[in-house]
Amino acid sequence: MSIPPPKAIVIVGGGFAGTTLARALDARLPDGYELLLLSEESHTTFNPMLPEAVGASVFPEQVVAPIRQMLKRARFVMAKVNAIDTARRTLTATTLAGELSLRYEHLVLAFGNRARLDLVPGIEAHALPLKTVGDAMHIRNTVLRRLARIELENDARVRARLGHFVVIGGGFSGVETAGELIDCLASIRGYYPRVAAHELAVTVLQDQSRLLTELPERLARAAHRSLAQRGVDVRLRARAVAVDERSVTLDNGETLSTATVICTIGTRANPLAERAGLPLERGRIVVDADLAVRDVPGLWALGDCALVPNADDGRPAPPTAQFAVREARFLAENLLAALDGRPTRAFRHRSLGAMAAIGHRKGVAEVLGVPVSGLPAWLLWRAYYLAQMPTLGRRVRIFVEWTWGMFFPNDITHLRFTRSGELDASRGGAGEAP
Ligand SMILES: Cc1cc2nc3c(=O)[nH]c(=O)nc-3n(C[C@H](O)[C@H](O)[C@H](O)COP(=O)(O)OP(=O)(O)OC[C@H]3O[C@@H](n4cnc5c(N)ncnc54)[C@H](O)[C@@H]3O)c2cc1C
């Protein structure tokens, strides 16, 4: 008698949604099923902490966690999924060992979305998006390079341009990035003796009448005040209409001279969702109340890539980490019910609040309707993300490193990954155009 091979439950995407789902299902599947998580990177990224990595108040490796350390029995394969055939229930992916083709019984799409770089002319060529840990490291290195460059520059106009950092977007990531940047510049300026305080500036452009529209007005005002007190130039109702190598143009015709534009606005659908021919609305996959993709048997979607109806308020769930985690726990139960032949339930979650870190040891939060700001909000923020880290050992290590980092200047190591063979190459190296 031959034993049939296990049926695969496959999750695509190792972000907040995919890893929470995998952990909730791990070792709970009935006999005859195996769980497989495919993701294009071997780690999960704590996106809300990326601005802190930009501001060098945490190291990049402290905002990621290895997916393998999160799983017990489930299998992980680092793979980029390229195509899905929902009729045959198969998918193909690129792995380190070449193309992988596999059949699934149930497939869960948790592949998030991508940065959109065509909202303002010039953004794709000249602005720095913030969506991945690679983006955060690139921005951090760019900031350090700009300071090192000002040290060597004599032309006052070029110095001013190099020292001006413009952040497009006054939502969570824009406000967090601006707050981190201004604190980072203040903390590290002393290491660049030829750079004066007045030569460094951070501007935030927000095309709405206030910052942080995701938060109650009172907290948004507190965040605005805090940024302004630390010297950030917050421009409300200011929309960038063009970006080039040396400037940003606003809708009122004003031109800001800058060498560094960080873009935190705009997302677009993951190209895989479009290629698979799935029903999309506002760039997100349309799912039913139980998170099953409409009219496609065996297919489910959640997190940022899905338009999930929330039975609590009848509105689509927002694309946030808090909702991605809740949806994942919910979907785990629905999947187990589906395998068992039991009815599934409609997703329902009432937000517990929202938090934003707006600089070193500063935050704003609303938790269960109670507004909190300053250091307590920032500690809450850190505690929340620390609790999400896998394994006790990693949590303790990061707690010690974060605590240590709170009392010392930000790190100014500019890691360039230069390899031996490149050291004496005639081109490349430290040079850059002003
Ligand atoms: C800079 C920034 C700041 C943010 N701040 C906050 C905040 O303060 N609070 C908050 O609640 N939310 C915040 N968010 C949003 C939050 O991070 C997202 O809502 C959350 O990450 C969504 O989780 P997800 O699992 O759906 O998607 P993601 O976390 O984006 O994960 C998607 C995963 O899928 C993988 N993947 C993509 N395509 C493929 C493919 N073809 N094959 C295999 N794998 C693939 C990706 O590599 C990734 O691991 C922020 C986001 C950013 C970028």
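Each ligand, and each atom within it, is numbered from 1 in the order the structure gives. What you see below is based on every heavy atom in this structure, not just the backbone, and it leaves out hydrogens, waters and symmetry mates.
Distance from atom 1 (C) of ligand 1 to its nearest protein heavy atom, with residue and atom name: Ser173 CB, 3.5 Å. At the shortest separation from atom 15 (C) of ligand 1 among protein heavy atoms lies Pro319 O, 3.9 Å. The protein heavy-atom contact nearest to atom 34 (O) of ligand 1 is Gly13 CA, 3.2 Å. Looking from atom 5 (N) of ligand 1 to the surrounding protein, the closest heavy atom is Pro48 CA, 3.4 Å. Asn47 ND2, 3.1 Å is the protein heavy atom nearest to atom 21 (O) of ligand 1. For atom 19 (O) of ligand 1, the closest non-hydrogen atom of the protein is Asp304 OD1, 2.8 Å. The single protein non-hydrogen atom nearest to atom 47 (O) of ligand 1 is Glu40 OE2, 2.9 Å, given as residue, atom name and distance. Of the protein's heavy atoms, Val81 N, 3.8 Å lies nearest to atom 40 (C) of ligand 1.
At a heavy-atom cutoff of 4.0 Å, ligand 1 is contacted by the side chain of Asn270 but not by its backbone. Contact annotation: for Trp381 versus ligand 1, heavy atoms closer than 4.0 Å belong to the side chain alone. At a heavy-atom distance under 4.0 Å, no atom of Cys305 approaches ligand 1. Using a 4.0 Å cut-off between heavy atoms, Glu214 makes no contact with ligand 1 at all. Within the 4.0 Å heavy-atom criterion, neither part of Ala354 lies near ligand 1.
Look at Arg114 and Glu40 and you find a salt bridge, because one of the NZ, NE, NH1 or NH2 atoms lies within 4.0 Å of a carboxylate O, short of that distance. Ion pairing between a basic and an acidic side chain is recognised when a charged N comes within 4.0 Å of a carboxylate O; Lys362 and Asp183 show such pairing. The existence of a salt bridge linking Glu61 and Arg394 is excluded, since no basic side-chain nitrogen approaches an acidic carboxylate oxygen closer than 4.0 Å. Here Asp233 pairs with Arg235 in a salt bridge; the nearest charged N to carboxylate O distance falls below 4.0 Å.
Between Ala79 and ligand 1 there is a heavy-atom distance shorter than 4.0 Å. Residue Met49 places every heavy atom at 4.0 Å or more from ligand 1. At least one heavy atom of Gly14 sits less than 4.0 Å from an atom of ligand 1.
Within the set Gly15, Gly171, Gly174, the minimum heavy-atom distance to atom 31 (O) of ligand 1 is found for Gly15. Nearest-residue assignment for atom 25 (O) of ligand 1 (options Ala17, Ser351, Ala93; heavy-atom criterion): Ala17.
Of all atoms in ligand 1, listed by their number and element, those nearer than 4.0 Å to a heavy atom of Leu272 are 41 (N). Within ligand 1, the atoms closer than 4.0 Å to a non-hydrogen atom of Glu176 are 8 (O), numbered from 1 in the order shown. Using a 4.0 Å cut-off to heavy atoms of Gly303, the atoms of ligand 1 that qualify are 26 (O). Close approach to Ala110 involves these atoms of ligand 1, each under 4.0 Å from a residue heavy atom: 32 (C), 33 (C), 34 (O).
Arg28 has its side chain within reach of Glu333: a pair of non-hydrogen atoms, C-beta onward, lies under 4.5 Å apart. With a 4.5 Å cut-off on side-chain heavy atoms, Glu52 and Trp402 do not count as touching. A heavy-atom distance below 4.5 Å is found between the side chains of Leu185 and Val143. Residues Asp340 and Pro30 are not in side-chain contact: their nearest non-hydrogen atoms beyond the backbone lie 4.5 Å or more apart.
Checked against Thr260 for a side chain to side chain contact (heavy atoms under 4.5 Å, CB included), the options Arg145, His126, Arg146 give a single hit: Arg146.
The shortest N or O to N or O distance between Ala321 and ligand 1 is below 3.5 Å. Looking at ligand 1, you won't find any N or O of Leu302 less than 3.5 Å from one of its N or O atoms.
Scored by the salt bridge (Lys or Arg N to Asp or Glu O under 4.0 Å) test, Arg140 finds Asp411 as partners (sequence neighbours excluded).
Remark: Glu124 CD is loosely packed, at most 12 non-hydrogen atoms of other residues, nucleotides or ligands lying under 6.0 Å away. Enclosure of atom OH in Tyr384 by more than 12 non-hydrogen atoms of other residues, nucleotides or ligands within 6.0 angstrom is indicated.
The side-chain hydrogen bond (donor to acceptor under 3.5 Å, both in side chains) pairs that include a residue from residues 292-315 are His106-Trp300, Asp288-Arg294, Asp312-Arg350, where partners are two or more places apart or lie in different chains.
Between His349 and Phe347, the ring planes lie tilted relative to each other; the angle falls in the 30° to 60° range.
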